[in-house]
Amino acid sequence: MSTGAAPERLHHRVLEWYSVSARDLPWRRTDATPWGIFVSEIMLQQTPVARVAPVWHEWLARWPTPTDLAADAPGEAVRAWGRLGYPRRALRLHAAAVAMTEHQAGTVPSTETELLALPGVGTYTAAAVATFAFGERTTVVDTNVRRVLARVISGEEYAAPSPTRAELTVAAGLVPLDAVEARTWSVAVMELGALVCSARSPRCSECPVADLCAWQLAGRPSYQGPARKGQAWEGTDRQLRGALLAVLRASDVPVPRSSLEALSDNEIQRERCLDSLVADGLVEPLSRDRYQLPASREAS
DNA sequence: AAGTCGTGGCC
DNA sequence: TGGCCAAGACT
């Protein structure tokens with residue numbers, strides 16, 4: 001259940017490793033603004049770093065502050081989102097910018113509690129922004145942290161399908177007391193999970209805490225917990241929604257309904273997807289048979 | 001509270 | 001080749 005290793009030893013090893021192995025990511029640089037960090041955290045949700053970087057640069061150049069984004073139409077955010085996936089994030093980012101502009105004088109709120117109130121911001125993102133942008137000492141738990149702690153502390157290959165109370169307690173107990181050190185610790189554990197303690201083929205021979213790792217010491221037993229759910233794709237609504245939105249993103253003018261109907265022979269599914277996109281605020285019906293990305297300022 | 005929501009690269 | 005996975009949030 002526990003390595004028995006003193007937390008200080010774990011801290012030292014991980015922080016030392018991070019100081020020489022960390023990637024030089026733009027949102028980690030000292031000139032990154034809270035807004036830049038906020039945008040990066042939303043974009044990074046379920047999305048690899050390599051895909052985020054170029055889009056992040058485009059966004060920050062075009063909308064350097066929340067107020068800049070808020071002044072533009074939500075459809076522009078959806079268009080500039082490109083193929084990052086989960087496009088509702090673009091809409092929520094726009095809505096968050098509007099909220100910051102209207103209620104925070106155009107600034108990113110600095111506390112975890114205030115951040116949590118913003119659209120698209122959940123437990124992880126609130127803690128991450130509070131820590132990485134403002135230095136608040138909090139517990140940051142993402143999929144990387146969960147996996148690293150499952151291995152190092154609990155001796156299991158993977159964390160449970162969803163976070164448990166015990167898991168959060170363990171993570172919180174490992175956060176260094178010093179706020180500056182805590183901030184680095186959080187990003188360092190995430191980095192360790194991303195670069196070394198990866199899901200499929202962990203590089204234990206390069207791991208700075210291999211000799212302290214409960215999973216390693218137990219002989220790297222395979223995962224015994226409940227089956228993890230796969231993600232169906234072929235023929236799903238998600239696939240068709242993506243295709244529909246791609247057509248709309250690519251067009252500067254309203255798209256005739258016929259262009260959208262050409263994407264699928266399944267009329268039931270087609271209508272369901274189009275309706276759900278409209279309901280989500282990702283698509284705006286102009287007339288009876290023309291559609292476009294949302295131009296109105298008050299889409300969800 | 002289990003399902004849903006994109007996209008593409010990797011082993 | 002294709003199932004699995006990636007800095008989750010929302011309902």
Side-chain angles (χ1 to χ4, degrees), chain A residues 18 22-23 25-28 32 36-56 78 81-93 95-96 115-133 138-148 157-164 171 183 185-195 197-203 223 226-249 269 272-273 275-277 279-283 300:
Chain A
Y18 183 75
R23 289 169 293 181
L25 303 177
W27 44 87
R28 283 186 190 159
I37 292 172
F38 184 89
V39 171
S40 79
E41 290 300 342
I42 301 295
M43 290 184 170
L44 286 164
Q45 291 168 1
Q46 299 285 285
T47 310
V49 164
R51 204 174 307 163
V52 166
V55 181
W56 183 86
V78 174
W81 195 252
R83 305 187 67 77
L84 282 183
Y86 293 145
R88 289 184 294 188
R89 291 183 292 166
L91 228 41
R92 291 174 183 148
L93 192 39
L115 286 160
L116 259 182
L118 294 170
V121 177
T123 309
Y124 161 75
T125 303
V129 173
T131 300
F132 302 147
T138 58
T139 306
V140 181
V141 179
D142 78 326
T143 186
N144 289 303
V145 174
R146 296 188 62 223
R147 186 177 54 252
V148 170
E157 184 178 18
Y158 297 117
S162 53
T164 64
R183 178 182 180 283
W185 164 256
S186 291
V187 70
V189 176
M190 290 170 63
E191 191 76 336
L192 185 65
L195 300 183
C197 195
S198 55
R200 267 168 286 188
S201 41
R203 310 163 75 170
Y223 180 68
R228 296 175 297 164
K229 56 191 172 202
Q231 304 171 345
W233 177 248
E234 198 58 37
T236 61
D237 284 8
R238 279 199 294 171
Q239 184 184 40
L240 184 52
R241 280 168 55 106
L244 287 165
L245 205 56
V247 170
L248 288 158
R249 261 198 321 259
Q269 185 183 34
R272 181 173 67 236
C273 289
D275 285 349
S276 71
L277 285 170
D280 285 346
L282 284 165
V283 173
S300 72

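Below, chains carry the letters A, B, ... as their sequence lines are ordered, and counting in each starts from 1.
- Checking the phosphate oxygens (OP1, OP2) of B:dG8, a side-chain nitrogen or oxygen of A:Arg83 falls inside 4.0 Å.
- More than 12 heavy atoms of other shown residues, nucleotides or ligands fall within 6.0 angstrom of atom CZ in A:Arg272.
- For A:Thr125 and A:Gly230, each mapped to the nucleotide of DNA chain C holding its nearest heavy atom, the one lying further toward the 5' end belongs to A:Gly230.
- Considering only the side chain of A:Arg89, B:dG6 comes nearest among C:dA9, C:dA7, B:dG6.
- Residue A:Thr143 places no side-chain atom within donor-acceptor reach of the base of C:dG8, judged by atom type and a 3.5 Å distance cut-off alone.
- B:dT4 atom P lies 20 Å from atom CG of A:Leu245, rounded to whole Å.
- In terms of position on DNA chain C, the residue among A:Leu25 and A:Val121 whose nearest nucleotide sits closer to the 5' end is A:Leu25.
- Contact annotation for A:Gly122: backbone-only contact, meaning every heavy-atom pair under 4.0 Å involves sugar-phosphate atoms and none involves a base.
- For the pair A:Arg51 CZ and B:dC10 P, the computed distance is 10 Å after rounding to whole Å.
- Between the side chain of A:Arg89 and the main chain of A:Met43, a donor-acceptor pair closer than 3.5 Å is present.
- For A:Arg241 and B:dG6, the shortest distance from a side-chain N or O to OP1 or OP2 is below 4.0 Å.
- Not a single donor-acceptor pair, N or O on each side, falls under 3.5 Å between the base of B:dC11 and the side chain of A:Arg200.
- As judged by a 4.0 angstrom heavy-atom cut-off over every strand, A:Trp81 is placed among residues making no nucleic acid contact.
- With rounding to whole Å, A:Phe38 atom CZ is found 15 Å from C:dG8 atom P.
- Look at CD on A:Glu234: it is 13 Å from P on B:dT7, rounded to the nearest Å.
- The side chain of A:Arg88 approaches B:dT4 more closely than any other nucleotide in the set B:dT4, C:dA7, C:dC5.
- When rounded to the nearest whole Å, the span between CG of A:Leu244 and P of B:dG6 equals 10 Å.
- OP1 and OP2 of B:dA1 both lie 4.0 Å or more from every side-chain N or O belonging to A:Ser162.
- Across all strands, A:Arg249 comes closer than 4.0 Å only to sugar-phosphate atoms, never to a base (heavy-atom distances).
- Between A:Arg228 and the phosphate of C:dC5, there is a side-chain N or O to OP1/OP2 separation shorter than 4.0 Å.
- The main-chain N or O of A:Pro161 is never found under 3.5 Å from a side-chain atom of A:Arg228 such that the two would form a donor-acceptor pair.
- For A:Gln239 (side chain) and A:Gly235 (main-chain N/O), a donor-acceptor pair under 3.5 Å exists by modelled atom type.
- Counting heavy atoms from C-beta outward, A:Gln45 and A:Tyr86 have side chains that stay 4.5 Å or more apart.
- C:dG3 atom P lies 20 Å from atom OH of A:Tyr223, rounded to whole Å.
- Between A:Arg147 and C:dA6 there is a side-chain N or O to OP1 or OP2 distance below 4.0 Å.
- No engagement by A:Ala128 is indicated, since no non-hydrogen atom pair under 4.0 Å with the nucleic acid exists.
- Annotation: B:dG6 and C:dT11 have their P atoms spaced 14 Å apart (nearest Å).
- Between the side chain of A:Trp81 and the main chain of A:Arg88, no donor-acceptor pair closer than 3.5 Å is present.
- Closest approach of A:Val141 and A:Arg146 over heavy atoms only: CG1-CG, 3.4 Å.
- One can find a donor-acceptor pair under 3.5 Å joining the base of C:dC5 and the side-chain atoms of A:Gln231.
- Residue A:Leu240 contributes atom CG, which lies 15 Å from atom C1' of B:dT7 at whole-angstrom precision.
- The phosphate of C:dA6 (OP1 or OP2) has no side-chain N or O of A:Gln46 nearer than 4.0 angstrom.
- Taking the P atom of each, B:dA2 and C:dA7 are spaced 23 Å apart, rounded to whole Å.
- Contact annotation for A:Ile42: no contact, since no heavy-atom pair falls under 4.0 Å across all strands.
- The separation between A:Tyr124 atom OH and C:dA7 atom P is 9 Å, rounded to whole Å.
- Looking at the side chain of A:Val49, the nearest of the listed nucleotides C:dA7, B:dG6, C:dG3 is C:dA7.
- Contacts of A:Ser40 with the nucleic acid, taken as non-hydrogen atoms under 4.0 Å apart, are absent.
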